[in-house]
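Values below: every heavy atom of this structure, side chains too, minus hydrogens, waters and symmetry copies.
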Amino acid sequence: MGLITKEVERAPCTVEISHRFESLHAHVRFSNGVTVNPGDEVQVQGPEIMAPFGEVIREEREAVIFRASALERFWTRWTGDLEVMELCEFSFSEEVTL
(Lines give C-alpha, C1' and ligand atoms only; values in the text may rest on other atoms or scores of the structure.)
Protein backbone atom coordinates (compact mmCIF):
# COMPACT_ATOMS: atom_id res chain seq x y z
CA MET A 1 0.00 0.00 0.00
CA GLY A 2 1.45 3.32 -1.07
CA LEU A 3 0.97 6.86 0.09
CA ILE A 4 -1.81 7.57 -2.43
CA THR A 5 -2.54 4.22 -4.08
CA LYS A 6 -5.39 1.88 -3.10
CA GLU A 7 -5.54 -1.90 -3.03
CA VAL A 8 -8.57 -4.07 -3.74
CA GLU A 9 -9.24 -7.27 -1.81
CA ARG A 10 -12.05 -9.83 -2.09
CA ALA A 11 -13.37 -11.81 0.87
CA PRO A 12 -16.25 -14.24 1.49
CA CYS A 13 -18.77 -12.94 4.00
CA THR A 14 -22.09 -13.62 5.70
CA VAL A 15 -24.74 -10.90 5.53
CA GLU A 16 -27.39 -10.87 8.26
CA ILE A 17 -30.46 -8.64 7.90
CA SER A 18 -32.94 -8.46 10.79
CA HIS A 19 -36.32 -6.73 10.48
CA ARG A 20 -37.94 -7.59 13.80
CA PHE A 21 -39.56 -5.51 16.51
CA GLU A 22 -36.74 -6.43 18.91
CA SER A 23 -33.91 -5.75 16.49
CA LEU A 24 -33.46 -3.85 13.24
CA HIS A 25 -29.93 -4.36 11.96
CA ALA A 26 -27.67 -5.33 9.08
CA HIS A 27 -24.31 -6.99 9.79
CA VAL A 28 -21.50 -8.24 7.56
CA ARG A 29 -19.13 -10.84 9.00
CA PHE A 30 -16.04 -11.84 7.04
CA SER A 31 -15.54 -15.60 6.83
CA ASN A 32 -11.76 -15.50 6.50
CA GLY A 33 -10.97 -13.13 9.41
CA VAL A 34 -10.32 -10.02 7.32
CA THR A 35 -10.42 -6.76 9.28
CA VAL A 36 -11.58 -3.37 8.01
CA ASN A 37 -9.45 -0.38 8.94
CA PRO A 38 -10.30 3.34 9.13
CA GLY A 39 -10.92 4.74 5.65
CA ASP A 40 -11.54 1.36 3.99
CA GLU A 41 -14.69 0.90 1.91
CA VAL A 42 -16.67 -2.36 1.67
CA GLN A 43 -19.12 -3.30 -1.08
CA VAL A 44 -21.12 -6.51 -0.76
CA GLN A 45 -21.76 -8.11 -4.15
CA GLY A 46 -25.15 -9.42 -5.24
CA PRO A 47 -28.76 -8.30 -5.41
CA GLU A 48 -30.48 -6.24 -2.70
CA ILE A 49 -31.70 -8.19 0.34
CA MET A 50 -35.18 -7.35 1.61
CA ALA A 51 -36.26 -8.96 4.88
CA PRO A 52 -40.02 -9.02 5.54
CA PHE A 53 -41.13 -7.77 8.96
CA GLY A 54 -40.53 -10.34 11.69
CA GLU A 55 -37.75 -12.21 9.87
CA VAL A 56 -33.98 -12.54 9.95
CA ILE A 57 -32.20 -13.41 6.69
CA ARG A 58 -28.62 -14.72 6.41
CA GLU A 59 -26.87 -15.08 3.06
CA GLU A 60 -23.36 -15.99 1.97
CA ARG A 61 -21.89 -13.32 -0.32
CA GLU A 62 -18.60 -11.93 -1.55
CA ALA A 63 -17.36 -8.55 -0.38
CA VAL A 64 -14.96 -6.25 -2.22
CA ILE A 65 -12.77 -4.22 0.15
CA PHE A 66 -11.16 -1.05 -1.17
CA ARG A 67 -8.22 -0.43 1.15
CA ALA A 68 -7.54 3.21 1.98
CA SER A 69 -4.21 4.70 1.03
CA ALA A 70 -1.86 5.81 3.80
CA LEU A 71 -2.92 9.43 3.27
CA GLU A 72 -6.65 8.56 3.45
CA ARG A 73 -6.10 6.46 6.57
CA PHE A 74 -4.26 9.35 8.27
CA TRP A 75 -7.02 11.83 7.29
CA THR A 76 -9.77 9.51 8.56
CA ARG A 77 -8.06 9.04 11.92
CA TRP A 78 -7.31 12.75 12.26
CA THR A 79 -10.87 13.92 11.49
CA GLY A 80 -12.70 10.95 13.02
CA ASP A 81 -12.89 12.45 16.50
CA LEU A 82 -14.59 15.55 15.11
CA GLU A 83 -17.22 13.41 13.38
CA VAL A 84 -17.99 11.48 16.58
CA MET A 85 -18.43 14.71 18.54
CA GLU A 86 -21.39 15.62 16.31
CA LEU A 87 -23.28 12.68 17.83
CA CYS A 88 -22.87 14.11 21.32
CA GLU A 89 -25.43 16.81 20.57
CA PHE A 90 -28.29 14.30 20.44
CA SER A 91 -30.06 12.29 23.10
CA PHE A 92 -32.15 9.21 22.39
CA SER A 93 -33.69 8.86 25.85
CA GLU A 94 -37.43 8.81 26.43
CA GLU A 95 -37.31 11.48 29.12
CA VAL A 96 -37.56 15.03 27.80
CA THR A 97 -36.52 17.97 29.97
CA LEU A 98 -36.17 21.58 28.97
[X] and [Y]: which non-hydrogen atoms are nearest, and at how many Å?
X   : Y   : result
D40 : A68 : OD1-N, 2.8 Å
V36 : R67 : CA-NH1, 4.0 Å
S18 : S23 : OG-O, 2.9 Å

Nearest 0.5 angstrom please: [X] [atom1] to [Y] [atom2], how far?
X   : Y   : atom1 : atom2 : value
C13 : R29 : SG    : CZ    : 11.0 Å
T14 : H27 : OG1   : NE2   : 12.5 Å
R77 : N37 : CZ    : CG    : 7.0 Å
F66 : E7  : CZ    : CD    : 12.5 Å

Say whether V44 and I49 are linked into one hydrophobic cluster, either directly or through other cluster members, by side-chain heavy-atom distances under 4.5 angstrom.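 Same cluster: V44 reaches I49 through Ile, Leu, Val, Met, Phe, Trp or Tyr contacts under 4.5 Å.
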Between V34 and V64, is there a shared hydrophobic cluster once you connect ILVMFWY residues whose side-chain heavy atoms come closer than 4.5 Å?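 No, it is not one cluster - the side chains of V34 and V64 are not joined through contacts under 4.5 Å.
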E16 and H25, any side-chain heavy atoms less than 4.5 Å apart: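 In contact.
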Are I65 and R10 packed together at the side-chain level, in the sense that at least one heavy-atom pair is separated by less than 4.5 angstrom?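 No - every pair of side-chain heavy atoms lies 4.5 Å or more apart.
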Using the side chain to side chain contact (heavy atoms under 4.5 Å, CB included) rule, pick out the option among I57, L24, V56 that qualifies with H19.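 Exactly one option meets the side chain to side chain contact (heavy atoms under 4.5 Å, CB included) with H19, and it is L24.
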[X] side-chain N/O to [Y] backbone N/O, donor-acceptor pair under 3.5 Å:
X   : Y   : answer
E55 : P52 : no
R73 : G39 : no
R61 : P47 : yes

F74 and W78 aromatic ring geometry - parallel, tilted or perpendicular at 30°/60° bounds: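 Parallel: the ring planes of W78 and F74 meet at under 30°.
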Given side chain to side chain contact (heavy atoms under 4.5 Å, CB included), test E41 with K6 step by step and report yes or no. CA-CA 11 Å; E41 298 175 32; K6 288 187 172 192; 3.6 Å; yes
